[in-house]
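Worksheet for the structure shown next.
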Amino acid sequence: MNLNEFRIEHSTLMEHYQFLERELEGIYAALSGKHFYIGLMDVEKFSISKVIRMVQEQEKIHNKRIISDTEYEDIKYICQRRNFWTHNCYTAMGFDRKTEGPKKETDIRQLYDDIRAAEQLRELLFNRKMELFNEMKEKEIF
C-alpha cells in the first residue's frame, strides 16, 4: 500500500466515522421528543461520547431500548479506534520510505478491519434510526 492508497482508505474510514456520529445524533433527535431539527441542533456541537450518553439517557427516560449493551461496547471500541485514526495514525505508525505507506502489514490489516467494523455499525445505526423515524411518522410526531 502506498501513501495515496493509504490516504484513500483512511478517508473512507473517516467518512464512516462521521456518518456514525450523524446516525447517533439522529437517534437522539428522534428520541428527544422535540422537532427533529431542534433535536439535531441540541447535539450537533457535542463530542460523540456525549451524544452516546445523551442517547442512553433518552432510552432510560422513554423506557425504550434502541441500542443493546453489546452494541454500546462496540460503539465505544470504535470510538477508541476513531481517536487513533483521527489523532495519532500518522505519528504513531511507521511509514516505509520507499512506498511512503504503512510499514507493518498489521497496521494495514487493522485499517481494513476498522473500515469493516465502522461500516457495519454505521448500517446498524442507520437502520435503528430509520425504525425510529417510521414510528414517529406513524404517530405523526415528525
Side-chain angles (χ1 to χ4, degrees), residues 1-138 141-142:
M1 172 181 279
N2 65 36
L3 185 59
N4 285 334
E5 292 166 337
F6 173 77
R7 287 180 172 157
I8 289 168
E9 296 302 330
H10 181 266
S11 181
T12 299
L13 180 59
M14 299 312 294
E15 173 190 344
H16 288 309
Y17 289 151
Q18 288 179 10
F19 278 101
L20 257 166
E21 290 183 50
R22 198 60 172 173
E23 301 309 349
L24 285 166
E25 292 167 355
I27 289 170
Y28 167 81
L31 283 172
S32 71
K34 300 176 182 180
H35 184 278
F36 184 74
Y37 178 76
I38 301 298
L40 279 179
M41 296 302 293
D42 284 352
V43 293
E44 95 174 330
K45 302 248 189 263
F46 291 147
S47 71
I48 190 169
S49 298
K50 179 148 176 90
V51 174
I52 292 166
R53 287 191 303 275
M54 293 173 77
V55 168
Q56 289 173 315
E57 183 179 295
Q58 289 299 313
E59 286 178 324
K60 287 178 186 169
I61 289 169
H62 298 288
N63 197 27
K64 183 175 185 73
R65 202 62 195 259
I66 306 302
I67 301 168
S68 72
D69 289 338
T70 302
E71 291 162 347
Y72 274 118
E73 290 303 315
D74 292 343
I75 292 169
K76 288 176 185 176
Y77 173 76
I78 284 175
C79 287
Q80 290 172 346
R81 297 303 307 154
R82 174 196 164 276
N83 289 341
F84 170 78
W85 291 111
T86 302
H87 303 292
N88 302 99
C89 72
Y90 284 99
T91 56
M93 288 173 40
F95 287 84
D96 186 283
R97 288 181 184 207
K98 196 176 201 178
T99 67
E100 297 181 332
K103 262 187 196 178
K104 296 179 185 174
E105 189 63 36
T106 55
D107 289 336
I108 295 168
R109 272 197 308 276
Q110 184 66 58
L111 174 62
Y112 286 122
D113 288 347
D114 288 349
I115 289 171
R116 276 190 295 283
E119 186 175 36
Q120 289 170 356
L121 186 58
R122 175 184 173 184
E123 184 178 331
L124 175 105
L125 293 176
F126 174 79
N127 290 335
R128 300 286 169 78
K129 180 182 76 175
M130 293 310 295
E131 289 170 13
L132 283 170
F133 285 177
N134 288 332
E135 287 176 22
M136 291 172 68
K137 189 175 178 182
E138 288 173 13
I141 299 173
F142 224 1

*Are Ile67 and Leu125 side-chain neighbours, meaning at least one heavy-atom pair lies under 4.5 Å?*
yes
*Side-chain heavy atoms of Tyr17 within contact of Ile78, under 4.5 Å*: yes
*Are Arg122 and Glu15 ion-paired here, with the side-chain N under 4.0 Å from a carboxylate O?*
yes
*asked:* Which residue in the set Asp114, Asp107, Thr106 passes side-chain hydrogen bond (donor to acceptor under 3.5 Å, both in side chains) when paired with Gln110?
replied: Asp114
*asked:* What I'd like to find out is whether the side chain of Ile75 reaches to under 4.5 Å of the side chain of Leu121, using heavy atoms alone.
replied: yes
*Hey, does Phe46 have a side-chain heavy atom less than 4.5 Å from the side chain of Glu21?*
no
_N/O donor-acceptor pair under 3.5 Å between Ser32 side chain and Ala29 backbone_ = yes
*For the pair Glu59 (side chain) and Ile66 (backbone), establish whether a donor and an acceptor sit closer than 3.5 Å, ignoring hydrogens and angles.*
yes
_Once rounded to the nearest 0.5 Å, what's the spacing between atom CE of Met54 and atom CG of Leu24?_
12.0 Å
*Considering only heavy atoms from C-beta outward, does the side chain of Asn83 approach that of Gln80 to under 4.5 Å?*
no
*Applying side-chain contact (heavy atoms from CB on, under 4.5 Å), name anything that partners Arg22, two or more places apart in sequence or on another chain.*
Glu25, Leu40
*asked:* With a 6.0 Å cut-off on the ring centroids, do Phe36 and Phe133 count as close?
replied: yes
*Okay, side chain of Thr12, backbone of Ile8: is any donor-acceptor separation there less than 3.5 Å?*
yes
*Glu131: what forms a salt bridge (Lys or Arg N to Asp or Glu O under 4.0 Å) with it, not counting sequence neighbours?*
none
*Quick one: are Leu20 and Arg82 in side-chain contact, heavy atoms under 4.5 Å?*
no
*Is any side-chain heavy atom of Cys89 closer than 4.5 Å to a side-chain heavy atom of Leu111?*
no
*Who are the ring-ring contact (aromatic ring centres under 6.0 Å, His included) partners of Tyr90, not counting sequence neighbours?*
Phe6, His10, Phe95
